[in-house]
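Any value given below was found using the heavy atoms of this structure, including those in side chains, with hydrogens, waters and symmetry copies removed.
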Amino acid sequence: MSSIEDKFSPHSHIPYGADGSGFYSDNTIGCYNVILESAPLMLESINSASVKSGKVFTIADYGCADGGTSMPLLYACVKELRKMHGDSLPIQVIYEDQPVNDFKSLFLRLQGLISGPKSYFLDFANIFVTTCGTSFFSQCLPPQSVNLLFSSTAMHWLRDRPCDVTGALHHTMITVPEEKKKFQNQAAKDWETILLARAKELAPGGRMVLVQLAVDEEGQYLGTTKQVPVSMHRTMRDLWKGLVHDGLITQDELNKTTFVNYYRTVEEFKKPFECKDSPVRQAGLSLVNIETKVVSCPYRAKWLKSGGDPKVHARWYVPTTRTWSNATFLAALSDSRTSEEKAKIVDEFFERYEKEVAKRPEDHGMDYVHAYMVIRKNQ
């Protein structure tokens, strides 16, 4: 990693793939399905929005990555606004993500210069697009400037690293009560921080639709569901341990490999809204509704339907796990290693992952488990 990216490790998601290549959206096709599940919530929010003549209608997409996965949804939102208010309504779309984000791919997609979904920017008039490279743990936009706020699969990342996880890589596999409590406390603190920042940005009567990774009522979470035989996080742990066994990484490096994120339960999402004296309620936010949904892994679904060459399938599937996890594995490796050595080790890990998937493709899949929320800012 470069010195710039080092400043964001180990807790931040650093994009994997060449800048401007559109790699993220091209290799996270399941996220398109996850986001489209929120379309009814977004369109209903638009239909209930207060639109003032001569004013700009602002939509903000937080944790946007390279913008591809949300483009079909935003296209539908712009189309609905045009249907309701005509071309005279100025529509502003603001994309937020980390300063190291692949914003280049975002603009290439919007301008139709790399392949992908239809661009609302090209197909509709009076559209204005900009970006924000400020973390969503801070206020990103001017007070009361956002009419409709959206975020998908982003706010599970934590602001600070609570602790290392003993014997595992992810909080869902924690066995030490003290470690579990530290992750719970950090996640609760961060959730309140995120909500309070958004409360400042939302206009009175504005809404936000959040689609965030969760642990559902049946204990299911990303990559670990009842319909997929093998747990993704357990597979990652076992393969990473295998590199220790083979002398490619040290035990200390294994111990420092921790995904600094947290999949909240519905109860944890709801907690800031339940007490009338909570800072979130005092800031004017109320929870309209929340539900969990499981969206099946499209890679596994295609294999079950059509089969094919297991090795080819594995090479197609594994990058969807690498887009968000690559930085965590890199960040755990000792600073005494060169960047080239680190990259080679992580490449070896994902090559082993491909070989594991190729043995029994039907056993592997990254089902998505999300909480779908609508939150309203009081008038």
Side-chain angles (χ1 to χ4, degrees), residues 11 13 28 30-31 33-35 37-38 41 62-63 136 151-195 208-238 257-274 280 287-297 300 320-321 323-325 328 363-375:
H11 59 281
H13 164 61
T28 56
C31 285
N33 300 336
V34 167
I35 290 174
E37 283 287 327
S38 70
L41 302 178
Y62 284 74
F136 54 56
S151 179
S152 176
T153 320
M155 294 171 177
H156 58 292
W157 292 102
L158 301 177
R159 189 173 193 175
D160 295 306
R161 181 190 187 99
C163 62
D164 294 328
V165 177
T166 302
L169 313 181
H170 197 261
H171 85 91
T172 52
M173 300 169 65
I174 287 177
T175 57
V176 179
E178 293 80 6
E179 294 174 2
K180 182 176 183 180
K181 189 64 176 176
K182 287 180 179 179
F183 268 83
Q184 289 174 333
N185 289 343
Q186 185 67 51
K189 177 183 176 182
D190 288 354
W191 181 227
E192 181 176 283
T193 296
I194 289 169
L195 291 172
M208 54 181 160
V209 176
L210 304 182
V211 181
Q212 302 302 323
L213 290 172
V215 177
D216 73 4
E217 297 81 357
E218 298 183 76
Q220 301 179 106
Y221 52 88
L222 180 73
T224 303
T225 58
K226 293 181 178 181
Q227 66 181 6
V228 179
V230 174
S231 165
M232 175 191 68
H233 281 299
R234 292 184 183 277
T235 300
M236 286 183 167
R237 179 201 61 185
D238 294 345
T257 311
T258 301
F259 284 97
V260 187
N261 60 47
Y262 187 87
Y263 306 156
R264 298 174 180 89
T265 63
V266 169
E267 289 72 24
E268 288 171 321
F269 280 120
K270 290 168 65 174
K271 189 173 181 180
F273 302 95
E274 291 178 333
V280 170
L287 181 64
V288 178
N289 60 271
I290 181 171
E291 64 175 326
T292 59
K293 294 184 180 183
V294 178
V295 174
S296 297
C297 175
R300 181 171 182 265
T320 202
T321 69
T323 56
W324 54 268
S325 66
T328 295
D363 286 355
H364 297 268
M366 193 174 77
D367 284 357
Y368 294 85
V369 182
H370 284 81
Y372 288 72
M373 291 164 275
V374 178
I375 299 166

Using every non-hydrogen atom in the two residues, find where [X] and [Y] come nearest and quote the distance to one decimal.
| X | Y | result |
| --- | --- | --- |
| F273 | L287 | CD2-N, 3.6 Å |
| I174 | K180 | CG2-N, 3.6 Å |
| R264 | M155 | NH1-O, 2.9 Å |
| P162 | V260 | CD-CG1, 4.1 Å |
| M236 | S325 | CE-OG, 3.8 Å |
| M366 | T320 | CE-O, 3.8 Å |

Any sub-3.5 Å donor-acceptor pair from [X]'s side-chain atoms to [Y]'s backbone N or O?
| X | Y | result |
| --- | --- | --- |
| D190 | R159 | yes |
| D367 | C297 | yes |
| T28 | C31 | no |
| E268 | T265 | yes |
| S151 | Y62 | yes |
| E291 | A371 | no |
| W157 | T153 | no |

Quick one: are [X] and [Y] in side-chain contact, heavy atoms under 4.5 Å?
| X | Y | answer |
| --- | --- | --- |
| F183 | T258 | yes |
| Q220 | K226 | yes |
| Y368 | V294 | no |
| V228 | R300 | yes |
| V369 | T225 | yes |
| V266 | T292 | yes |
| N261 | T328 | no |
| I35 | V211 | no |

Reported [atom1]-to-[atom2] distance for the pair [X] and [Y], which is rounded to 0.5 angstrom:
| X | Y | atom1 | atom2 | value |
| --- | --- | --- | --- | --- |
| D164 | T257 | CG | OG1 | 8.5 Å |
| Q186 | L158 | CD | CG | 5.5 Å |
| M232 | L222 | CE | CG | 4.0 Å |
| I194 | M208 | CD1 | CE | 10.0 Å |
| I375 | I290 | CD1 | CD1 | 8.0 Å |
| R237 | L169 | CZ | CG | 8.0 Å |

> Does atom NZ of K182 have more than 12 heavy-atom neighbours, drawn from other residues, nucleotides or ligands, at distances under 6.0 Å?
Replying inline: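 No, NZ of K182 has 12 or fewer neighbouring heavy atoms, counting only those of other groups under 6.0 Å.
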
>> Tell me which one of Y221, Y262, F259 satisfies ring pair (Phe, Tyr, Trp, His ring centres under 6.0 Å) with H171.
In response: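 Testing each of Y221, Y262, F259 against H171, the sole residue satisfying ring pair (Phe, Tyr, Trp, His ring centres under 6.0 Å) is Y262.
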
> Angle class for the H233/H170 ring planes (parallel below 30°, perpendicular above 60°, tilted otherwise)?
Replying inline: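 Judged by the thresholds at 30° and 60°, the geometry between H233 and H170 is parallel.
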
> Do we see a donor-acceptor contact under 3.5 Å between the side chains of Q212 and S152?
Replying inline: no

>> Does V280 form a side-chain contact (heavy atoms from CB on, under 4.5 Å) with E192? I'd like the steps, not just the answer.
In response: CA-CA 7 Å; V280 170; E192 181 176 283; 4.1 Å; yes

